[in-house]
S.K.: 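Before I ask anything, let me first share the structure, which is written out below as structure tokens.
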Amino acid sequence: MDKLIVHGNSTLKGTINISGSKNASLPILAATLLTDQPCIIRRVPDVSDTNYMLQILRALGADVERSSGTVRIQASKIISDAPYDLVRRMRASICVMGPLLARLGQACVSLPGGCVIGDRPVDLHLKGLKGLGANIDVEGGNMNFTAPNGLKGAEIDLRGKHGPTVLGTDNLMMAAVLAEGRTVIESAAGEPEVVDLAEFLIQMGANIEGAGSRRITIDGVSSLNAVDYTVIPDRIEAGTFMVAAAMVGEGVTLNRVNREHLTASTDVLQEAGHIVEFNEGGDKVTVHPGEVPQGCNITTAPFPGFPTDMQAQFTAMFATTPGISVIEDTIFPQRFMHCAEISRMGANIRVDNGTAIVSGVESLSGAPVMASDLRASAALVLAGLKARGTTEINRLYHIDRGYEHIDEKILQLGGSVERVRE
Ligand code: EPU
């Protein structure tokens, strides 16, 4: 298992390119199952989650070629059973359900297991697919879907207890593009990654309107075409480096970003006193630390609100920002595993009932820490760069799930990190 040694008191300076979005790539890769025609997808990040998805597509029978960020997939002949061994490694594999069911009229996918960031049920995914007429049996840990007479468009409300569902909206949208008639998804997720999937499907010939809003209308078509598509920049990777730049930067510029996707993180950085400047086109951003940083309050919310996937990184920043910051995660109220680890480095954080109360301390000290999930690990890297001394981050595979070559990017900015292979 690799670990990352982070040398503290680092200063980051210079320019890096932001990778393609992991969370846009995953459903887009799954959507290639909807056609027997070749699909080319560009800027797919080289992270273990996208690699698992490609392995799943191969196991389902698709022909997959990868050459750095460009992936060519042709799902001429596929089977309907997603292999448990691959599916269990990544929750996002459930987004093959919609495409398999739409294309083959049946699908068998394992129920995802527990997840460290909290309870992650699939009831809304099932509600959506049932709404289109699928029969669903759960047996032996698998979900078996059948739609012997095909899927039929319907009006379906996907509102959940914690708001809209991103992958649930994706699954339903992918199933509905080949269903007969009109589907209306109410309370849909409007995240940029959902919009990117919709754009991909539209370029394949799907009829979709309203992606990005709470109501998506889909008119089914009988088949979809070949496509050549470039995924959007990863707003969470960009946000993570923006926070790093505010914590330990001396002018860090990020290329290949999308300003509209970064509003919530930008607003909090500015409210905390840091300087964020986009170029006119909004695809390049430079961040400088402010002279008098201050604590802020954050509440996570669906897009365009503050993303839960940036909560841990901002918690790391506020750990050494003067004042008290109150951070509430309404989407995943149990997603605070990073707080105990950052506290081991000297932070003063109290977690209570979905809220972290962070009292900024003057400095952190490096320590051996344990990565618990993807964004929590990113928070530990940020804390390690800021701390005195050396931080050893164990279980690095968590960060490799979603950050493309993070160690190389930090080195490129002048930070000092070492990946130790064991
Ligand atoms: N939910 C339900 N029932 C469902 C589905 C979701 O109650 O059937 C609840 C969840 O438990 C949660 C809320 O709805 O409280 C939102 O979850 P959502 O379904 O939107 O999460 P997801 O689609 O499984 C994606 C991202 C996550 C990100 C969330 C929220 C991908 C591959 N994953 O997950 O990203 O945190 O949306 O924005 O797109 C990450 O990249 O680190 C990550 C965890």
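The structure displayed is predicted, hence computed values, not measured ones. Whatever order the structure lists ligands and atoms in, that order sets their numbers, starting from 1.
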S.K.: Out of Ser93, Gly160, Gly168, Pro121, whose heavy atom is nearest to atom 6 (C) of ligand 1?
M.R.: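 The nearest heavy atom belongs to Pro121.
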
S.K.: Could you check whether any heavy atom of Lys22 sits closer than 4.0 Å to an atom of ligand 1, since that is the contact criterion I want to use?
M.R.: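 Contact present.
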
S.K.: Kindly identify the option in Gly163, Pro164, Ala301 whose heavy atom sits closest to atom 16 (C) of ligand 1.
M.R.: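 Residue with the shortest heavy-atom distance to the ligand atom: Pro164.
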
S.K.: Got the closest protein heavy atom to atom 30 (C) of ligand 1, with its distance?
M.R.: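 Its nearest protein heavy-atom neighbour is Thr308 CG2, 3.8 Å.
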
S.K.: Return the residue, atom name and 0.1 Å-rounded distance of the protein heavy atom closest to atom 3 (N) of ligand 1.
M.R.: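 The closest heavy atom on the protein side is Asp123 OD1, 2.7 Å.
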
S.K.: Got a protein heavy atom sitting under 4.0 Å from atom 9 (C) of ligand 1?
M.R.: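 Flag for atom 9 (C) of ligand 1 set to false, no protein heavy atom closer than 4.0 Å.
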
S.K.: Which heavy atom of the protein is the closest neighbour of atom 20 (O) of ligand 1, given with residue, atom name and distance?
M.R.: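 Ranking protein heavy atoms by distance from atom 20 (O) of ligand 1, first comes Val166 N, 2.8 Å.
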
S.K.: I need the minimum non-hydrogen distance between Ser19 and Glu404, along with the two atoms involved.
M.R.: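 Nearest heavy atoms, Ser19 then Glu404: OG-OE1, 2.5 Å.
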
S.K.: With heavy atoms of Ala92 as the reference, note each atom of ligand 1 found under 4.0 Å away.
M.R.: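 Checking each atom against Ala92, I get 32 (C).
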
S.K.: Determine whether more than 12 heavy atoms belonging to other residues, nucleotides or ligands lie under 6.0 Å from atom CZ of Arg43.
M.R.: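 Counting other residues, nucleotides and ligands, CZ of Arg43 stays at 12 neighbours or fewer.
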
S.K.: Tell me which protein heavy atom sits closest to atom 42 (O) of ligand 1, plus the residue, atom name and distance to 0.1 Å.
M.R.: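 Atom 42 (O) of ligand 1 sits closest to the protein heavy atom Arg375 NE, 2.9 Å.
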
S.K.: Non-hydrogen atoms of Arg120 versus ligand 1: any pair closer than 4.0 Å?
M.R.: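 Judged by the 4.0 Å heavy-atom criterion, Arg120 does count as contacting ligand 1.
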
S.K.: Of Arg335, Met310, Arg91, which has the heavy atom at the shortest distance from atom 44 (C) of ligand 1?
M.R.: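 Looking at heavy atoms only, the winner is Arg335.
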
S.K.: Whether the side chain of Ser10 engages the backbone of His7 through a donor-acceptor N/O pair (distance < 3.5 Å, no angle test) should be reported.
M.R.: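 A pair under 3.5 Å: yes.
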
S.K.: To check your reading of the model: name the closest protein heavy atom to atom 17 (O) of ligand 1, its residue, and the distance in Å.
M.R.: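 So the nearest neighbour among protein heavy atoms is Phe332 CZ, 3.9 Å.
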
S.K.: If we only consider heavy atoms of Glu193, is any one of them less than 4.0 Å away from an atom in ligand 1?
M.R.: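 Contact absent.
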
S.K.: Are more than 12 heavy atoms, taken from residues, nucleotides or ligands other than Arg259, located less than 6.0 Å from that residue's CZ atom?
M.R.: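 Atom CZ in Arg259 is packed in, count exceeds 12.
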
S.K.: Report yes or no: does Lys386 contribute a side-chain atom to a donor-acceptor pair with the main-chain N or O of Ala316 at less than 3.5 Å?
M.R.: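 Here the side-chain-to-backbone pair does not exist.
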
S.K.: Return the residue, atom name and 0.1 Å-rounded distance of the protein heavy atom closest to atom 13 (C) of ligand 1.
M.R.: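 Here the nearest protein heavy atom works out to His162 CB, 3.8 Å.
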
S.K.: Consider only side-chain N and O atoms of Glu209 and Thr217, and report whether a donor and an acceptor are under 3.5 Å apart.
M.R.: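 Side chains of Glu209 and Thr217: no pair found under 3.5 Å.
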
S.K.: Using a heavy-atom cut-off of under 4.0 Å, does the side chain or the backbone of Ile331 touch ligand 1, or both, or neither?
M.R.: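 Both backbone and side chain.
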
S.K.: Do we see a donor-acceptor contact under 3.5 Å between the side chains of Arg66 and Asn51?
M.R.: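 On atom types as modelled, these side chains qualify, holding a pair under 3.5 Å.
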
S.K.: So, Asp157 and Arg214, do they make that salt bridge, N to O below 4.0 Å?
M.R.: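 Salt bridge flag = no for Arg214 with Asp157.
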
S.K.: Could you check atom 35 (O) of ligand 1 against the protein and tell me its nearest heavy-atom contact, residue, atom and distance included?
M.R.: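 Nearest protein contact, heavy atoms only, for atom 35 (O) of ligand 1 is Asp309 OD2, 3.1 Å.
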
S.K.: Answer with yes or no whether the side chains of Thr286 and Thr253 bring together a donor and an acceptor at under 3.5 Å.
M.R.: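 Yes - a donor-acceptor pair under 3.5 Å links their side chains.
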
S.K.: State, without any angle test, whether Thr300 and Asp329 hold a side-chain donor-acceptor pair at a distance under 3.5 Å.
M.R.: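 Short answer, yes.
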
S.K.: Indicate whether the side chain of Tyr397 and that of Ser48 have a donor and an acceptor atom separated by less than 3.5 Å.
M.R.: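 No.
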
S.K.: At what distance is the nearest protein heavy atom to atom 19 (O) of ligand 1, and which residue and atom is it?
M.R.: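 Scanning the protein heavy atoms, the shortest distance from atom 19 (O) of ligand 1 goes to Thr165 OG1, 2.6 Å.
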
